[in-house]
2 protein chains.
Amino acid sequence: MSSKAVTRADAGLASTLRVAVLRLRRRLVNEHAPDNDLSIGSMAVLGALAKGGEATIGELAAHERVQPPSMTRIVGCLADGGYVERRASDTDRRQVIVAITEKGRATLEADKRRREEWLARRLAALTPQERAILRAAAPVLEKLATSE
Amino acid sequence: MSSKAVTRADAGLASTLRVAVLRLRRRLVNEHAPDNDLSIGSMAVLGALAKGGEATIGELAAHERVQPPSMTRIVGCLADGGYVERRASDTDRRQVIVAITEKGRATLEADKRRREEWLARRLAALTPQERAILRAAAPVLEKLATSE
DNA sequence: TATTGTTATACTCTATAACTATA
DNA sequence: TATAGTTATAGAGTATAACAATA
């Protein structure tokens, strides 16, 4: 296979992958439990805090790939609901340290299964081989999403 | 591995996959060529028309998993730009048949490579094995996205 | 009466620009 | 002067509800 052929094959892969990701994301958003008052983005921030510990607004914005004002808003909503707490950094009082609360952690755990119910059900309907493929693909997708 | 263990493993997969898809989608949107006056959703509709031929508003809405009013809007923008043409159905004059124009087809082709440049570049940076994993995963993701 | 699509309206999420406080 | 975050504002994309035309 020539280098040009590889490039062409990857262009096709990019196309397919792109469409699949966009459609799947739309399904995930649509199936998002409506009795959950936290948006998908907010839950992602809670997840990041639960996994990585405290973080500044800037760090969260970079991690979630949104602009700082967007993260200010998300964290504001989370703080209003008591899911996170904000405090000024000791070393640099411009920085705002965000930490997940017990309520946030409990909400994250409680909602985790429910929020993923739709996807888990769809995964259960796949063949074991298809699930194995996705298990292998998930970290690669994550790598793509966070590259550079 | 017990059935419960399988369920737990799949719950983890759902979680990982979900986060990866949301993040990757955000990257795709952010890297979307700004000199393209058509949104990602509009391009997806053009692609569906190019691939599947004419379709009604309702069919397009179902295919793209959006509500009919949203599709009316998207098709309106495409028609304004001359990328598609609308006409009433012969057999049912309530229905609106949407067809891609030559301009639409040309735009789709011309933009295809450019729009996928970012993703293709990231794919090229992966190992051959990682690309193989994604090639196998793409149809499974598509299946997930369009299931039910 | 049911269905297809449109219009009117509002909501969610995000971004850019301008500003405040701190370094 | 530069940086972290916030406020103000605007835009893109989508949804629901009410409506028109047709079946």
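Throughout, a chain's letter reflects where its sequence line sits, starting with A, and its residues are numbered from 1. Values below: every heavy atom of this structure, side chains too, minus hydrogens, waters and symmetry copies.
The listed nucleotides are dT14(C), dA15(D), dT6(C); the one nearest the side chain of R26(B) is dT14(C). Counting only heavy atoms from C-beta on, I57(A) has its side chain closest to dG5(D) among dA15(D), dG5(D), dA15(C). With distances taken from any side-chain atom of D92(A) to the nucleotides dT22(C), dT7(D), dT14(C), the minimum falls on dT22(C). When distances are taken from the side chain of Q67(B) to each of dA15(D), dA23(C), dA15(C), the shortest belongs to dA15(D). Among the nucleotides dG5(D), dG5(C), dT6(C), the one closest to any side-chain atom of T56(B) is dG5(C). Each of dT14(D), dC13(C), dG5(D) was ranked by its minimum atom distance to the side chain of V96(A); first place goes to dG5(D).
For R86(A), the side chain to side chain donor-acceptor pair (under 3.5 Å) criterion is met by no residue, not counting sequence neighbours.
Between S39(B) and E59(A), the residue anchored nearer the 5' end of DNA chain D, judged by the nucleotide with its closest heavy atom, is E59(A). Each of G41(A) and R86(B) was matched to the nucleotide of DNA chain C holding its nearest heavy atom; the match closer to the 5' end belongs to R86(B). Along DNA chain C, the nucleotide nearest I40(A) and the nucleotide nearest T91(A) are compared for position; the residue whose nucleotide lies closer to the 5' end is I40(A).
Between the CZ atom of R27(B) and the C1' atom of dT14(C) there is a distance of 16 Å, given to the nearest Å. Rounded to an integer number of Å, the gap from CG of L78(A) to P of dT6(D) is 13 Å. Residue R93(A) contributes atom CZ, which lies 16 Å from atom P of dA4(D) at whole-angstrom precision. For the pair R65(B) CZ and dA15(D) C1', the interatomic distance rounds to 17 Å; values are reported in whole Å. Atom-to-atom, CE of M43(A) to P of dC13(C) comes out at 13 Å; the value is rounded to the nearest Å. Per the geometry, CD1 belonging to I74(B) stands 5 Å off P belonging to dT14(D), to the nearest Å. The CG atom of D90(A) sits 11 Å away from the P atom of dA23(C) (whole-angstrom rounding). The CE atom of M71(A) sits 15 Å away from the P atom of dT16(C) (whole-angstrom rounding).
Note on L13(B) and L24(B): same hydrophobic cluster, where clusters join Ile, Leu, Val, Met, Phe, Trp and Tyr whose side-chain heavy atoms are under 4.5 Å apart, directly or indirectly. Note on V84(A): it does not cluster hydrophobically with I97(A), by side-chain heavy-atom contacts below 4.5 Å among ILVMFWY residues.
Side-chain to base pairing of R94(A) with dT3(D): one donor and one acceptor N or O lie within less than 3.5 Å of each other.
Phosphate contact (OP1/OP2 of dT6(C), side-chain N/O of T72(B), threshold under 4.0 Å): present.
Between R26(A) and E64(B) there is no salt bridge, since no side-chain N of the basic residue sits under 4.0 Å from a carboxylate O of the acidic one.
Within 4.0 Å (heavy atoms only), S89(A) reaches no atom of the nucleic acid at all.
With M71(B) as the partner, the side chain to side chain contact (heavy atoms under 4.5 Å, CB included) test is satisfied by one option alone out of T56(B), V45(B), V98(B): V45(B).
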